Amino acid sequence: MDGEELTEQETALYDRQIRVWGADAQRRLSKAHVLVGGMKGTVSEVCKNIVLAGVGSVTLVDDSPVTEEALSANFLIPPNEKLYAGRSIAEVCCDSLKDFNPMVHVSVEKGDLSNLSTNFLEKFDVVIVSGCSQSTKKTINEKCRKLLKHIAFYSVDCRDSCGEIFADLQDHSCTKKQVNETVECRLQYPSFAEAIAVPWKSLPKRVSKLYFAMRVIERFEESEARAPGETSLADLPNVLKLRKELCEAQLFSESQIPDSLLERLLSGKMEFPPVCAIIGGILGQEVIKAISCKGEPIKNFFYFDAVDGKGVIEDISNPNPAS
């Protein structure tokens with residue numbers, strides 16, 4: 001990757017970006033291959049940003065049909081039903097993304113995301129999944145970790161006006177600006193499974209309530225064999241029961257997971273486009289940082305809630321992984 005120079009066409013097209021982060025970073029981007037599973041509204045924002053930035057290729061995986069819900073949050077879907085009738089959401093989004101940057105190869109891979117082989121994943125430098133169950137996140141993340149090459153893994157979810165990003169860059173080295181100098185930085189990331197296995201009582205009290213609420217909702221959906229988002233306010237009594245069980249097992253206070261927050265996550269089936277833009281913009285920048293190795297990346301969760309307008313990074317890592 002590092003030995004190949006940018007073409008004249010790439011240099012001309014990405015001139016402004018090269019001035020910002022340098023030719024070496026742009027060269028890394030131009031040779032990077034990104035796999036995206038689950039074409040939600042948030043992910044459409046991510047795809048737009050990395051395609052405009054000039055990654056080498058983007059492969060989309062999502063065989064589901066276009067729905068009214070998807071149309072309301074995903075700007076890559078044209079409003080004309082004749083243009084998407086009978087086609088998968090990945091195919092429709094693929095056509096739209098190609099128009100953003102002809103230098104980027106955009107394609108579709110058919111099949112179920114959780115069944116993608118380790119050999120297939122080896123083709124990519126970055127894997128992003130959205131709208132997946134907890135078990136699917138674990139499975140894809142672990143497959144990435146089994147490979148010799150380091151693959152940056154991200155999961156992203158947007159429920160109502162709340163958003164979550166998880167990042168696993170494994171053993172990541174980068175440079176960051178500090179005062180008047182550039183310093184080397186090395187970060188060790190846990191897998192998704194390792195991160196959510198950290199005992200709740202060992203975490204600082206300031207940790208975002210969204211972290212705990214998302215874990216409760218994920219566990220509920222899996223226990224009920226529901227797809228992510230297939231919930232409603234009618235499920236609240238059972239979700240509260242599960243919260244009580246999980247908190248008792250973790251010796252954790254239920255007050256850290258407010259009823260009102262769980263209600264929002266259960267009833268907010270529709271993605272909120274402004275939040276999609278915020279979360280998608282942040283994740284797009286994170287992907288660029290991971291590929292270019294410029295700038296200190298998020299470690300390892302990021303949360304945003306439109307109610308208070310705050311974004312917060314949470315490092316959920318076991319300080320004693322051997323224990």
Side-chain angles (χ1 to χ4, degrees), residues 42-43 46 126-134 137-138 140-141 144-145 152-172 174 176 185-220 228 243 246-247 249-258 260-262 264-265 268 272 275-276 278-287 289-290 295-321 323:
T42 306
V43 166
V46 179
V126 178
V127 173
I128 304 168
V129 300
S130 175
C132 294
S133 66
Q134 189 178 94
K137 292 176 187 178
K138 290 179 181 179
I140 299 297
N141 190 193
C144 291
R145 281 181 157 252
F153 171 84
Y154 297 94
S155 70
V156 58
D157 289 290
C158 183
R159 295 174 185 250
D160 189 59
S161 55
C162 301
E164 175 189 73
I165 295 171
F166 169 77
D168 174 17
L169 307 188
Q170 301 184 43
D171 182 1
H172 182 72
C174 62
K176 64 175 182 177
C185 181
R186 186 170 181 175
L187 300 170
Q188 294 281 348
Y189 285 75
S191 68
F192 181 72
E194 290 169 338
I196 65 172
V198 175
W200 292 358
K201 63 180 181 179
S202 69
L203 297 174
K205 291 184 178 180
R206 59 155 185 80
V207 169
S208 172
K209 292 177 171 57
L210 266 170
Y211 170 76
F212 306 109
M214 289 291 288
R215 306 289 77 80
V216 172
I217 297 294
E218 281 182 339
R219 287 284 294 272
F220 174 75
R243 178 191 64 181
L246 292 175
C247 287
Q250 295 267 5
L251 301 177
F252 192 73
S253 172
E254 290 184 59
S255 64
Q256 290 294 100
I257 316 174
S260 59
L261 181 54
L262 292 172
R264 288 171 56 204
L265 296 178
F272 191 40
V275 175
C276 292
I278 292 170
I279 297 295
I282 291 170
L283 181 50
Q285 286 301 309
E286 287 302 307
V287 171
K289 284 194 285 186
E296 188 173 3
I298 287 171
K299 182 177 184 291
N300 51 347
F301 284 91
F302 175 83
Y303 291 96
F304 178 80
D305 190 341
V307 169
D308 57 19
K310 293 181 179 179
V312 59
I313 298 172
E314 299 290 4
D315 184 354
I316 310 295
S317 304
N318 192 340
N320 301 300
S323 61

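Reckoned from all heavy atoms, side chains included, excluding hydrogens, waters and symmetry mates. The structure presented is a predicted model; accordingly, all values stated were derived computationally and were not measured.
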### Message
Within this structure, what is the OG1-CD1 distance for the pair T42 and I279, rounded to the nearest 0.5 Å?
### Response
7.0 Å

### Task
Any chance you could measure I165, atom CD1, to I128, atom CD1, to the nearest 0.5 Å?
9.5 Å

### Query
Does S130 use its side chain to pair, donor to acceptor, with the backbone of V156 at less than 3.5 Å?
yes

#### Entry: Side chain proximity check, P258 to K209, heavy atoms < 4.5 angstrom
yes

#### Entry: Nearest heavy atoms of Y154 and E286, plus distance in Å
OH-O, 3.3 Å

### Task
Report the residues that fulfil salt bridge (Lys or Arg N to Asp or Glu O under 4.0 Å) with E314, sequence neighbours left out, ordered by chain and then residue number.
R206

### Task
Measure across Q170 and C144 and return the closest heavy-atom pair with its distance rounded to 0.1 Å.
NE2-O, 3.9 Å

### Message
For F192 and F301, take the angle between the two ring planes, folded into 0 to 90°, and tell me which bin it lands in: parallel under 30, tilted 30 to 60, perpendicular over 60.
### Response
tilted

### Message
So that I can tick it off, tell me whether D168 and R145 are bridged by a salt bridge, with the cut-off set at under 4.0 angstrom between side-chain N and carboxylate O.
### Response
yes

### Query
So which heavy atom on H172 is nearest to which on P297, and how close?
CD2-CG, 3.8 Å

### Query
Side chains of L187 and L169: closer than 4.5 Å at any heavy-atom pair?
no

### Query
Are S133 and E218 side-chain neighbours, meaning at least one heavy-atom pair lies under 4.5 Å?
no

#### Entry: Inter-residue atom distance D157.CG - Y303.OH, 0.5 Å rounding
9.5 Å

### Query
For K299 and S317, does a side-chain donor sit closer than 3.5 Å to a side-chain acceptor?
yes

### Query
Closest heavy-atom contact between L265 and A213?
CD1-CB, 3.6 Å

### Query
Is N300 reaching over with its side chain to a backbone N or O of I316, donor-acceptor style, under 3.5 angstrom?
yes

### Task
Report yes if the side chains of S161 and D305 come closer than 4.5 Å at any heavy-atom pair, otherwise no.
yes

### Message
A side-chain contact here means heavy atoms from C-beta on lying under 4.5 Å apart; do N141 and F166 qualify?
### Response
yes

### Task
Taking all non-hydrogen atoms of both residues into account, name the closest pair between W200 and C247 and its distance.
CZ3-SG, 4.2 Å

## Note on the structure
Tightest non-hydrogen contact, residues E194 and S191, listed as OE1-N, 2.8 Å

### Task
Test E164 against R159 for salt bridge (Lys or Arg N to Asp or Glu O under 4.0 Å), laying out the working first.
CA-CA 9 Å; E164 175 189 73; R159 295 174 185 250; over 6 Å; no

### Task
With sequence neighbours left out, write down each residue that passes salt bridge (Lys or Arg N to Asp or Glu O under 4.0 Å) with K176, or none if nothing qualifies.
E296

### Query
Between CZ of R243 and CZ of F252, what distance do you get to the nearest 0.5 Å?
11.0 Å

### Query
Is there side-chain contact between R215 and L246, with heavy atoms separated by less than 4.5 Å?
no

### salt bridge (Lys or Arg N to Asp or Glu O under 4.0 Å) partners for D308, two or more places apart
none

#### Entry: SB check D171 R186 (cutoff 4.0 Å)
yes

### Message
With a 6.0 Å cut-off (strictly less than), is the heavy-atom count around CZ of R264, excluding the residue itself, greater than 12?
### Response
yes

### Query
Can you tell if the side chain of V129 reaches within under 4.5 Å of the side chain of V127, non-hydrogen atoms only?
yes

### Message
Quick check on the 6.0 Å ring-centre criterion: do Y189 and F153 meet it?
### Response
no

### Message
Rounded to the nearest 0.5 Å, what separates atom CD1 in I257 from atom OG in S255?
### Response
9.0 Å

### Message
What's the separation between atom NZ in K201 and atom OG in S253, rounded to the nearest 0.5 Å?
### Response
14.0 Å

